[in-house]
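Okay, structure first, notes after.
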Protein chains: 2
Amino acid sequence: MTNDQSQIPKPKAQAVTLTPIGYVERDEGDEGLSGDELRARRSRIVLDPALTDGLLGLEPGSDIVVLYYFHRSSGYDLQVHPRGDPGRPLRGVFAVRSPRRPNPIGVTTARVRRVEGNVLEVVGLDALDRSPVLDIKGYSSFYDTPGW
Amino acid sequence: MTNDQSQIPKPKAQAVTLTPIGYVERDEGDEGLSGDELRARRSRIVLDPALTDGLLGLEPGSDIVVLYYFHRSSGYDLQVHPRGDPGRPLRGVFAVRSPRRPNPIGVTTARVRRVEGNVLEVVGLDALDRSPVLDIKGYSSFYDTPGW
């Protein structure tokens with residue numbers, strides 16, 4: 001056996017450093033908008049121009065999964081009342097979608113409306129204005145649908 | 001207006017540093033297994049014990065979205081043949097799910113089978129043995145389903 005897993009030491013929680021591939025732009029900003037309202041409005045993902053070739057195959061109507069950094073979030077609680085509603089029972093941060101989490105990354109499915117060079121115009125994205133974007137993936141019912 | 005968006009400078013691609021919250025463990029390793037085979041087998045997410053309280057509300061049958069680091073991936077191409085099949089037309093890395101990407105983060109929906117202290121036993125996860133886990137989120141049809 002060439003790869004004896006038992007000899008691989010237990011991994012330390014070594015830091016992972018990522019460089020954003022672009023950022024989110026909202027002409028009207030995000031002041032006072034709920035998550036639903038953010039998703040309902042169009043926003044733009046402005047990609048690092050050096051990465052533009054990576055958009056090949058995305059077109060109006062394509063569904064994508066967007067990973068972005070919650071850049072205005074800080075700190076977290078391990079247990080929260082969902083949506084900040086004290087009437088709802090406490091849940092662990094790993095059971096909910098709060099932006100206040102140990103690694104503040106958001107994941108949201110959005111739909112491409114327009115592609116123009118290094119800019120994707122999308123709808124369905126709840127990221128605030130100027131959020132750093134970490135990744136874009138084609139939506140896949142294989143990876144993104146429950147069913148096990 | 002207290003928050004004049006027009007005065008916020010265009011963000012630089014400032015690095016984002018994350019600390020894994022745990023790692024994936026597979027008793028049988030992952031040697032020679034396809035993505036489908038990895039997903040079909042149970043695996044464990046071993047959480048940093050200090051974060052155990054964050055699992056409240058996850059139970060057998062809960063669907064989760066797991067973010068993990070492709071720790072054995074290196075480098076990327078901006079355009080690839082999906083699944084490495086040269087018969088399929090080139091697509092941009094942001095339209096596919098290849099682990100070779102600018103920020104090598106995987107996102108997969110999995111189902112909890114068992115929770116024991118800081119360990120989640122899951123099925124549906126395609127992460128390789130010892131993958132650092134960056135986040136776990138409760139699956140949400142609102143955030144995780146196309147529909148815009």
Side-chain angles (χ1 to χ4, degrees), chain A residues 3 5 8 11 13-21 23 26 29 31 39 48 51 53-58 62-65 67 69 78-79 90-97 101-103 105 107-111 123-124 126 129-130 132 134-140 143-148, chain B residues 3 5 8 11 13-21 23 26 29 31 39 48 51 53-58 62-65 67 69 78-79 90-97 101-103 105 107-111 123-124 126 129-130 132 134-140 143-148:
Chain A
N3 181 12
Q5 299 288 346
I8 299 178
Q14 208 173 352
V16 168
T17 299
L18 307 170
T19 301
I21 60 170
Y23 62 95
R26 293 182 177 273
E31 190 107 24
R39 296 194 74 196
D48 177 345
L51 301 175
D53 284 351
L55 298 178
L56 181 69
L58 294 181
S62 296
D63 291 310
I64 54 176
V65 176
L67 278 67
Y69 189 61
L78 283 176
Q79 300 188 343
L90 278 175
R91 299 198 68 188
V93 69
F94 301 123
V96 302
R97 306 293 285 230
R101 45 201 317 113
N103 286 320
I105 305 178
V107 174
T108 303
T109 298
R111 182 162 286 173
V123 67
D126 59 343
D129 193 33
R130 308 284 155 170
L134 299 174
D135 200 7
I136 301 167
K137 299 174 188 292
Y139 177 87
S140 153
Y143 290 112
D144 300 320
T145 307
W148 293 86
Chain B
N3 181 13
Q5 299 287 348
I8 298 179
Q14 206 173 354
V16 168
T17 300
L18 307 171
T19 301
I21 60 169
Y23 62 94
R26 292 183 177 272
E31 190 108 26
R39 296 195 74 196
D48 177 344
L51 301 175
D53 284 351
L55 298 177
L56 182 70
L58 295 180
S62 296
D63 291 311
I64 54 175
V65 176
L67 279 68
Y69 189 61
L78 282 176
Q79 299 188 344
L90 278 176
R91 299 198 69 188
V93 68
F94 301 123
V96 302
R97 306 294 284 230
R101 44 201 317 115
N103 286 320
I105 304 179
V107 174
T108 303
T109 298
R111 182 162 287 173
V123 67
D126 59 343
D129 194 32
R130 307 286 155 168
L134 298 174
D135 199 7
I136 301 167
K137 299 174 188 293
Y139 178 87
S140 153
Y143 290 112
D144 300 321
T145 308
W148 294 86

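Note on naming: letters A, B, ... go to the chains in the order of the sequence lines (proteins, then strands), and numbering restarts at 1 for each one.
Looking at every heavy atom in both residues, Y143(A) comes nearest to R97(B) through CB-NH2, 3.5 Å. The shortest heavy-atom contact between K137(A) and V107(B) is CE-CG2, 3.9 Å.
When A15(A), A110(A), P102(A) are compared by the number of non-hydrogen pairs under 4.5 Å with chain B, A15(A) comes out ahead. Note: L58(B) leads L90(B), L58(B), D48(B), V65(B) in heavy-atom pairs under 4.5 Å with chain A. Between chain B and the residues R111(A), R39(A), R91(A), Q79(A), the most heavy-atom pairs under 4.5 angstrom are made by R39(A). Contacts with chain A were tallied for T17(B), D144(B), L67(B), N103(B); N103(B) has the most, counting heavy-atom pairs under 4.5 Å. For the options L18(B), V93(B), T19(B), L51(B), heavy-atom pairs under 4.5 Å to chain A are most numerous at L18(B). Contacts with chain A were tallied for V123(B), T145(B), I136(B); I136(B) has the most, counting heavy-atom pairs under 4.5 Å.
Not counting sequence neighbours, D126(B) has no partner by the salt bridge (charged side-chain N to carboxylate O under 4.0 Å, His left out) test. With sequence neighbours left out, the side chain to side chain donor-acceptor pair (under 3.5 Å) criterion links S62(B) to no other residue.
Judged purely by atom type and a 3.5 angstrom limit, D63(A) has no side-chain atom pairing as donor or acceptor with the backbone of P146(B).
Separation of atoms CZ (R101(A)) and CG (L134(B)) is listed at 11.5 Å; rounding is to 0.5 Å.
With a 4.5 Å cut-off on non-hydrogen atoms, Y69(B) touches chain A through its side chain but not through its backbone.
Only one option out of D53(A), D135(A), I64(A) pairs with F94(B) in a side-chain contact (heavy atoms from CB on, under 4.5 Å); it is D135(A).
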